[in-house]
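Values reported hereafter were calculated over all heavy atoms of this structure, with side chains retained and with hydrogens, waters and symmetry mates removed.
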Amino acid sequence: MSKIRGKDTSIEIKLRKALWAKGYRYRKNYRTVAGSPDIALTKYKLAIFCDSEFFHGKDWEVLKPKLEKGKNPDYWIKKIQRNMERDREKDQRLLYEGWTVIHFWGRDILKNTDECVRVVEETIFDIEMKRRAYEEDSL
């Protein structure tokens with residue numbers, strides 16, 4: 001467990017480099033925002049999390065039975081369930097504070113980086129359209 005890094009993981013770095021190449025400027029592991037997003041585009045109030053499949057419970061219905069048969073199942077099941085619960089809590093807090101939240105799975109970032117960047121760009125477009133509509137309505 002001590003070898004597991006919490007920041008500057010390979011998946012974070014790959015996505016950050018792709019966003020930087022597209023001209024997006026961000027904060028990494030932005031601690032002033034709830035949940036310290038891996039990537040925070042403050043201009044758009046967009047929080048991006050790069051989640052590993054194992055520790056964040058991707059396909060939990062498939063993973064949980066495998067863990068039950070493995071070593072130390074009580075520890076791992078409790079740990080991953082708490083991680084998933086914590087993810088939901090921080091997402092709710094960020095949404096309450098007016099942030100938009102995106103989660104990407106590690107393999108999706110590594111295999112389909114361009115698609116992940118496209119999702120970010122589409123989200124930014126939606127945020128900008130809502131902002132403009134709000135400004136027009138308030139005039």
Q: With salt bridge (Lys or Arg N to Asp or Glu O under 4.0 Å) as the test, would you mind laying out the steps for E135 and R131 before giving the verdict?
A: CA-CA 6 Å; E135 288 175 355; R131 184 186 58 81; 2.7 Å; yes
Q: State, yes or no, whether a side-chain contact exists between V120 and L41 at a heavy-atom distance under 4.5 Å.
A: yes
Q) Rounded to the nearest 0.5 Å, how far does CD of E68 lie from CG of D74? A) 9.5 Å
Q: Inspect the surroundings of CZ in R16 and state if more than 12 heavy atoms from other residues, nucleotides or ligands are less than 6.0 Å away.
A: yes
Q: Evaluate the salt bridge (Lys or Arg N to Asp or Glu O under 4.0 Å) criterion for residues E115 and R118: first the C-alpha distance (whole Å), next the side-chain angles of each, then the deciding distance (0.1 Å), finally the verdict.
A: CA-CA 5 Å; E115 181 62 31; R118 193 171 305 115; 2.4 Å; yes
Q) Are V101 and F55 grouped together when hydrophobic residues (ILVMFWY) are joined by side-chain heavy atoms under 4.5 angstrom apart? A) no
Q: Give the C-alpha distance, both sets of side-chain angles, the deciding distance and a yes or no for salt bridge (Lys or Arg N to Asp or Glu O under 4.0 Å) between K111 and D108.
A: CA-CA 5 Å; K111 292 182 180 180; D108 293 340; over 6 Å; no
Q: Any chance you could measure S36, atom OG, to N29, atom CG, to the nearest 0.5 Å?
A: 7.0 Å
**Q.** Worked verdict on K14 versus L110 for side chain to side chain contact (heavy atoms under 4.5 Å, CB included)
**A.** CA-CA 7 Å; K14 183 149 186 168; L110 294 176; 4.0 Å; yes
Q: Could you tell me whether a side-chain N or O of K45 sits under 3.5 Å from a main-chain N or O of E97, the two making a donor and an acceptor?
A: yes
Q. Side chain of R27, backbone of T42: donor and acceptor closer than 3.5 Å?
A. no
Q) In this structure, are over 12 heavy atoms from other groups packed under 6.0 Å from F125 atom CZ? A) no
Q. Are side-chain heavy atoms of N72 and K79 found at a separation under 4.5 Å?
A. no
**Q.** Check: F54 ring centroid to W105 ring centroid under 6.0 Å
**A.** no
Q) Would a 4.5 Å heavy-atom cut-off, applied to side chains only, mark L15 and V117 as touching? A) yes
(Q) Heavy-atom count check: over 12 atoms from other residues, nucleotides or ligands less than 6.0 Å from R31 CZ? (A) no
Q: Quick one: do E89 and R82 satisfy salt bridge (Lys or Arg N to Asp or Glu O under 4.0 Å)? Show the steps, please.
A: CA-CA 10 Å; E89 290 169 0; R82 178 61 187 129; 3.4 Å; yes
Q | Interatomic spacing from CD1 in I11 to OG in S52 - rounded to 0.5 Å | A | 6.5 Å
Q: Evaluate the side-chain proximity of I80 to W60: yes if any heavy-atom separation is below 4.5 Å, no if none is.
A: yes
Q: Examine I127 and Y134 and state if one hydrophobic cluster contains both, with Ile, Leu, Val, Met, Phe, Trp and Tyr joined whenever side-chain heavy atoms are less than 4.5 Å apart.
A: no
Q. Would a hydrophobic clustering, with Ile, Leu, Val, Met, Phe, Trp and Tyr connected at side-chain separations under 4.5 Å, put I109 with I13?
A. no
(Q) Closer than 4.0 angstrom, basic N to acidic O: yes or no for D8 and K28? (A) yes
**Q.** Heavy-atom side-chain contact between L95 and Q92 under 4.5 Å
**A.** no
Q: Flag yes if M129 and L46 sit in one hydrophobic cluster, no otherwise; membership is Ile, Leu, Val, Met, Phe, Trp, Tyr, and two members link when side-chain heavy atoms are under 4.5 Å apart.
A: no
Q. If you group Ile, Leu, Val, Met, Phe, Trp and Tyr by side-chain heavy-atom gaps below 4.5 Å, do Y96 and V33 land in one group?
A. no
Q: Find out whether K64 and I77 are in side-chain contact, i.e. whether some heavy atom of one side chain is under 4.5 Å from a heavy atom of the other.
A: yes
Q: Any chance you could lay out the side chain to side chain contact (heavy atoms under 4.5 Å, CB included) test for E12 and T9, step after step, and finish with the verdict?
A: CA-CA 5 Å; E12 288 176 37; T9 62; 3.3 Å; yes
Q: Anything under 30° is parallel, anything over 60° is perpendicular, the rest tilted; go ahead and classify H103 against F49.
A: parallel
Q: Would you kindly say whether H56 and N83 are connected by a side-chain donor-acceptor distance under 3.5 Å?
A: no
Q) Within the distance-only criterion (no hydrogens, no angle test), does the side chain of E128 pair as donor or acceptor with the backbone N or O of I124 below 3.5 angstrom? A) no
Q. Using 30° and 60° as the class limits, which term best fits the ring planes of Y24 and Y44: parallel, tilted or perpendicular?
A. perpendicular
Q: Give a yes or no on whether R93 atom CZ has more than 12 heavy-atom contacts from other residues, nucleotides or ligands under 6.0 Å away.
A: no
Q: Start with the C-alpha distance between V119 and F104, add both sets of side-chain angles, then the distance that settles side chain to side chain contact (heavy atoms under 4.5 Å, CB included), and finish with yes or no.
A: CA-CA 10 Å; V119 168; F104 290 114; 3.9 Å; yes
Q: Count the heavy atoms of every other residue, nucleotide or ligand shown that sit under 6.0 Å from CZ of R107, and state whether that count exceeds 12.
A: no
